[in-house]
Amino acid sequence: MTCFPDFPFPDDFPNFMHNSKLQEYITAFAQEKDLLKYIQFKTFVSSVDKRPDFSITGQWDVTTEKDGKKESAVFDAVMICSGHHVYPNLPKESFPGLKLFKGKCFHSRDYKEPGVFKGKRVLVIGLGNSGCDIATELSHTAEQVIISSRSGSWVISRLWDDGYPWDMMLVTRFETFLKNNLPTAFCDWWYLKQMNARFKHENYGLMPLNGILRKEPVFNDVLPACIVCGRVSIKPNVKEFTETSAIFEDGTVFEAIDYVIFATGYDYAYPFLDDSIIKSRDNEVTLFKGIFAPQLEKPTMAVIGLIQSLGAAIPIADLQARWAVQVIKGTCALPSVRDMMNDIDEKMGKKLKWFGKSETIQTDYVSYVDEIASFIGAKPNIPWLFLTDPKLAVEVFFGPCSPYQFRLVGPGKWPGARNAILTQWDRTLKPMRTRAVGSPQKPHLFFRWLKLLAIPILFIALFLVLI
């Protein structure tokens, strides 16, 4: 369905979205704006229910709706792939006085282009990727742009050491190995050092309240420069709104605001599904590895994409789908309900330690994809690789944890995976070398880590000698 920037989303939009009146509501709005010709309705899923004989067949009754007509069909399995960026989160009740505000306010989802904000005064609420992208773009056209942040955030560049892509340098098995095995104090120190490598966040008003938590950072190469030039300012949380201004928690005031943009993220929900299916405890989504509901008599439902990590989303969804298909087919068995619930509890404890919230859908990329791949036999055996193919092993262990690694063995094995891994840096550098100067400079990942660890190793050796 085409999305309109001025579309008046109802307050109960998550529940309203799958209501039969939604198409009538959108159609009326489109007729008023003379946009009906651009409307193309898709099929809505109204409900997904267990069949009476579900404990035997594992089948589902799925009711869909299109053009006001409902249809039902029976399916052997269901995969829910709506992800977690579904419903815009607009926490208006958290901001006293917002109802009195006479300017315009909307969610970042409805932001389309900067031209309409020329000469305007804009407040962006939220220091995430969307909020920072919008603020930096508006800094070229708006009169003044302020970002309000409740807790701060790490802001890092898309480029890492020597200008290589950050994820190819940081999302590696060796980095994960160090994080999981070195003392927590050292890991926290190293993490803070990495996050502050480009600039000191304290000087820019960006420092997170709890900097050692591994929350998703903001990737923005422009924001620090915008702050230095005065084109964007950072403020604390909004205490309250008046008719024309915002009063921040530090007592400062932003006057004559024209627009308030809520870059406050998204919520996810499954209004077509009975809550008891995936919320089996304390009204929390309780899923084994974020995919399977442990309490289901038959594992014929899988949730794909309800995960967030410091890594690419598509490879995760790919592995989730590969595992889900094997489970649904019956060629791969799930652990017992007790074991799955114990695993969920254990993961919640780790999430509380690393991310500050036990119910978060955030997880560590390498650890998670390895877990999923191990269920289908697609996880590479690193020790065996070092014995049989050292060249490949070095690239797999020290290099980027790219999706090719999960096509080396197991179902879906690809003969070209080895060559793809060994040549991935060639493909990364080729698009940038439009003016060839010298030979391509690939990173020497093993020696990079050896150099980084040399100083702490020397200190430890000196300490041992002295005692």
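Position 1 is the first residue of the sequence; numbering continues from there.
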Determine whether the aromatic ring centres of residues F177 and F398 are separated by less than 6.0 angstrom. no
Please list, chain by chain and in numerical order, all residues satisfying ring pair (Phe, Tyr, Trp, His ring centres under 6.0 Å) with H85, sequence neighbours excluded. Y266
Give the minimum heavy-atom separation between R322 and A378, together with the two atoms involved. NH2-CB, 3.8 Å
Determine whether a donor-acceptor pair (N or O, by modelled atom type, separation under 3.5 Å) exists between the side chain of D53 and the backbone of I56. no
Here the gap from F262 atom CZ to L90 atom CG, rounded to the nearest 0.5 Å, amounts to 6.5 Å
With a 3.5 Å distance limit and no angle check, can you tell me whether W160 reaches the backbone of D167 through a side-chain donor-acceptor pair? no
Run the salt-bridge test on K347 and E371 with the 4.0 Å N-O cut-off and return the result as yes or no. yes
Show me, pair by pair, the donor-acceptor contacts under 3.5 angstrom made by side chains of residues 199-209, not counting sequence neighbours?
| from | atom 1 | to | atom 2 | distance (Å) |
| --- | --- | --- | --- | --- |
| H201 | ND1 | N196 | OD1 | 2.9 |
| H201 | ND1 | F199 | O | 3.4 |
| H201 | NE2 | V155 | N | 2.9 |
| H201 | NE2 | V155 | O | 3.3 |

Check residues 431-441 and write down every donor-acceptor pair under 3.5 Å in which the side-chain atom is one partner and the other belongs to a residue at least two apart or another chain.
| from | atom 1 | to | atom 2 | distance (Å) |
| --- | --- | --- | --- | --- |
| R433 | NH2 | G438 | O | 2.8 |
| Q441 | NE2 | S439 | O | 3.1 |

Near R231 CZ, under 6.0 Å, is it more than 12 heavy atoms from other residues, nucleotides or ligands? yes
Within the side chain of E395, is there an N or O that forms a donor-acceptor pair under 3.5 Å with the backbone of P390? no
Check residues 299-316 and write down every donor-acceptor pair under 3.5 Å in which the side-chain atom is one partner and the other belongs to a residue at least two apart or another chain.
| from | atom 1 | to | atom 2 | distance (Å) |
| --- | --- | --- | --- | --- |
| T300 | OG1 | G58 | O | 2.7 |
| T300 | OG1 | W60 | NE1 | 2.9 |
| Q308 | NE2 | E216 | OE1 | 2.6 |

Show the nearest heavy-atom pair for residues K442 and Y164, with the distance to one decimal. C-OH, 3.5 Å
Check: V396 main-chain N/O paired with Q405 side-chain donor or acceptor under 3.5 Å: yes
Looking at V222, is its backbone amide N or carbonyl O close enough to the side chain of N220 to form a donor-acceptor pair, meaning the two atoms are under 3.5 Å apart? yes
Partners of F292 by ring pair (Phe, Tyr, Trp, His ring centres under 6.0 Å), sequence neighbours excluded? W323
D221 backbone acceptor or donor facing R198 side chain under 3.5 Å: yes
Return the minimal non-hydrogen interatomic distance between P400 and Q424, and the atom names on each side. CD-NE2, 3.5 Å
Consider only side-chain N and O atoms of S72 and T63, and report whether a donor and an acceptor are under 3.5 Å apart. yes
Atom of I361, atom of K351 and distance for their closest heavy-atom approach: CA-NZ, 4.4 Å
Do the ring planes of W189 and F186 sit parallel (below 30°), tilted (30 to 60°) or perpendicular (above 60°)? tilted
Please evaluate residues Q320 and Y368 with respect to the criterion side-chain hydrogen bond (donor to acceptor under 3.5 Å, both in side chains), reporting the C-alpha separation (whole Å), side-chain torsions for both, the decisive distance (0.1 Å), and the verdict. CA-CA 10 Å; Q320 288 180 326; Y368 182 77; 2.8 Å; yes
Looking at residues at least two apart in the chain, or sitting in another chain, which of them share a ring pair (Phe, Tyr, Trp, His ring centres under 6.0 Å) with Y365? none
Do you see a donor-acceptor pair shorter than 3.5 Å between the side chains of D339 and S336? yes
Donor-acceptor contact present, side-chain R407 to main-chain G412, <3.5 Å: yes
Do other residues, nucleotides or ligands put more than 12 heavy atoms under 6.0 Å from R338 CZ? no
Exactly one candidate in N181, L170, D364 meets side-chain contact (heavy atoms from CB on, under 4.5 Å) with T176; the answer is D364
I261 and side-chain contact (heavy atoms from CB on, under 4.5 Å): which partner among I125, L123, L138? L138
Just so I know, are the side chains of K289 and I372 near enough to count as touching, which here means a heavy-atom distance under 4.5 Å? yes
Donor-acceptor check, side chain of S149 to backbone of L127, threshold 3.5 angstrom: yes or no? no
Is the CH2 atom of W384 crowded by more than 12 outside heavy atoms at less than 6.0 Å? no
Keeping R51 on the side-chain end and D49 on the backbone end, is there a donor-acceptor pair under 3.5 Å? no
Cation-pi check, K179 to W354: give yes when NZ or CZ is under 6.0 Å from the six-membered ring centre and within 45° of the ring axis, no otherwise. yes
